[in-house]
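Worksheet for the structure shown next.
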Number of protein chains: 2
Amino acid sequence: MAVPSSVSVPPTASPLFLREHEVRRGVELLFFGYTRLTRAIDDGLAEHGLGRAHHRALYFIARQPDLPISALLKILAITKQSLGRVLNDLADKGLVETRTGTIDRRQKLLHLTPEGVKFEAQLFEALRSGLASAYAAAGQESVTGFWRVLEGLIPAEDKAMVIALQKDI
Amino acid sequence: MAVPSSVSVPPTASPLFLREHEVRRGVELLFFGYTRLTRAIDDGLAEHGLGRAHHRALYFIARQPDLPISALLKILAITKQSLGRVLNDLADKGLVETRTGTIDRRQKLLHLTPEGVKFEAQLFEALRSGLASAYAAAGQESVTGFWRVLEGLIPAEDKAMVIALQKDI
DNA sequence: AAGATGGGACAGCCATATTGACGTATCTTG
DNA sequence: CAAGATACGTCAATATGGCTGTCCCATCTT
């Protein structure tokens with residue numbers, strides 16, 4: 001990364017020192033941006049007696065219908081037990097269903113019910129509204145940069161998974 | 001925001017539809033980027049028997065020494081009780097101290113002990129390493145865009161607070 | 001037939017958040 | 001100065017969302 005030439009430090013200063021500002025700014029913006037964006041859906045979730053964990057599952061099932069449970073476990077990076085509780089809640093509320101896999105009958109493929117689709121769309125609207133206005137304010141070139149930096153934060157072993165999410169829509 | 005001209009949808013498609021892709025991509029990258037970055041410090045925290053909540057407090061106290069508790073409450077947006085426990089833990093470990101405010105003696109101003117400074121620096125190094133490599137891979141222009149979009153996600157009422165964090169370093 | 005894999009479930013625990021109520025010291029203001 | 005607001009602390013109870021360990025069954029692979 002090019003260091004801005006206008007920084008007024010002695011030429012002997014280490015690159016790490018020069019970068020601290022920019023890193024702290026990134027840490028803080030990520031923290032505030034992420035928490036404030038996700039906060040936008042809390043009310044909608046609370047109306048159904050659900051929490052953010054439920055939304056994360058709902059979101060990725062919406063994104064990749066017929067997702068096997070093992071794939072969702074990798075995406076969320078939580079334990080089977082934690083996910084099990086969340087999925088049971090969603091099934092009890094009639095938002096998520098499973099069907100047995102065809103090529104591997106051990107698998108259960110997850111998909112949303114019509115009510116689940118509706119609910120997820122309603123929550124997505126809150127996210128869309130927040131992100132779209134940030135995109136609009138920043139401009140398309142900034143959005144590209146935003147993506148590029150975030151992609152760089154994803155470890156190589158997870159990158160394929162994220163790209164797979166985005167390829168088929 | 002300009003919509004990429006290469007998108008192959010009928011000209012009658014609504015702008016909201018056109019944007020869904022880009023929004024989902026942002027949601028996902030934010031989720032993975034944020035969680036993967038913060039995961040980098042979990043080991044260091046666990047060595048001291050601390051969690052992420054402790055790190056958030058530690059981080060912002062490092063960032064603004066002599067921060068009053070009320071300011072930290074606003075930043076973290078949690079309740080006084082939740083923060084109280086975290087601060088007690090940090091004080092017990094000898095990482096954080098308070099002193100009575102001079103202009104307002106009701107306030108307790110938070111600062112890190114020398115051990116706290118050392119520990120925070122060690123955790124910051126993990127964040128720095130992750131973010132700096134993402135910055136380097138993306139390039140300075142992307143970093144600017146990354147910041148711009150994230151700033152747009154912060155509600156107006158919180159923006160002053162975030163800018164205050166960054167002005168004095 | 002044996003082992004690996006996908007999924008489910010029980011029990012118990014921990015971290016982090018919440019609400020509500022109450023107390024004390026200190027500052028501000030009529 | 002008295003009254004009220006503010007900054008902070010604390011007790012008690014509760015919810016959420018993670019975790020580990022263990023054991024189970026069905027199904028696929030070899």
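These figures come from a predicted structure and were not determined experimentally. In what follows, chains carry the letters A, B, and so on, assigned in the order in which the sequence lines appear, proteins first and then strands, with residues in each chain numbered from 1.
- Taking atom CZ of B/Arg56 as the reference point, atom P of C/dA15 lies 14 Å away to the nearest angstrom.
- Counting non-hydrogen atoms under 4.0 angstrom, B/Asp89 reaches nothing in the nucleic acid.
- Scanning atom types as modelled, no donor and acceptor separated by under 3.5 angstrom connect the side chain of A/Lys108 and the base of C/dG7.
- Nucleic acid contact for A/Arg52: sugar-phosphate only, since backbone atoms but no base atoms lie under 4.0 Å from a heavy atom of the residue.
- When rounded to the nearest whole Å, the span between CD1 of B/Ile78 and P of D/dG9 equals 13 Å.
- OP1 or OP2 of D/dG18 has not a single side-chain nitrogen or oxygen of A/Thr79 nearer than 4.0 Å.
- Within the nucleic acid shown, B/Gly84 has no heavy atom closer than 4.0 Å to any nucleic acid atom.
- OP1 or OP2 of D/dC19 has at least one side-chain nitrogen or oxygen of A/Ser82 nearer than 4.0 Å.
- The shortest side-chain heavy-atom distance between B/Ile78 and B/Val86 does not fall under the 4.5 Å cut-off.
- Between A/Gly101 and B/Lys80, the one whose closest nucleotide on DNA chain D sits nearer the 5' end is B/Lys80.
- Computed from coordinates, the B/Leu83 CG to C/dT18 C1' distance equals 14 Å when rounded to whole Å.
- Within the structure, a side-chain polar atom (N or O) of B/His54 is placed less than 4.0 Å from OP1 or OP2 of C/dT16.
- Note: NE2 (B/His55) to P (C/dA17) measures 14 Å, nearest angstrom.
- The separation between A/Gln107 atom CD and C/dG6 atom P is 7 Å, rounded to whole Å.
- Between A/Gln140 and A/Tyr135 there is no side-chain heavy-atom pair separated by less than 4.5 Å.
- Note on B/Ser70: only backbone sugar-phosphate atoms sit closer than 4.0 angstrom, heavy atoms only; bases stay farther off.
- Summarising the geometry, the separation between CZ on B/Arg85 and C1' on D/dC8 is reported as 17 Å, rounded to the nearest angstrom.
- At distances below 3.5 Å, at least one donor-acceptor pair connects side-chain atoms of B/Lys93 with backbone N or O atoms of B/His48.
- Atom C1' of nucleotide C/dG8 and atom CG of A/Asn88 are separated by 9 Å, given to the nearest angstrom.
- Evaluation of atom-type donor-acceptor distances gives a pair under 3.5 Å for the side chain of A/Arg106 against the base of C/dT5.
- Where A/Leu50 and B/Leu109 each meet DNA chain D at their nearest nucleotide, the meeting point lying more 5' is that of B/Leu109.
- Salt-bridge formation is not detected for the pair A/Asp158/A/Lys74: no Lys NZ or Arg NE/NH1/NH2 atom is positioned less than 4.0 Å from an Asp or Glu carboxylate oxygen.
- In this entry the distance linking CD1 of B/Ile103 with C1' of C/dT26 reads 13 Å, nearest Å.
- Atoms CZ and CG, from A/Arg63 and A/Leu112 in turn, are 13.0 Å apart once rounded to the nearest 0.5 Å.
- Taking only distance into account, the side chain of A/Gln81 never meets the base of D/dG17 through a donor-acceptor pair shorter than 3.5 Å.
- Distance from the side chain of A/Asp104 is smallest for D/dT27 among the nucleotides D/dC19, D/dT10, D/dT27.
- Between B/Phe119 and B/Phe124, the ring centre distance reaches or exceeds 6.0 Å.
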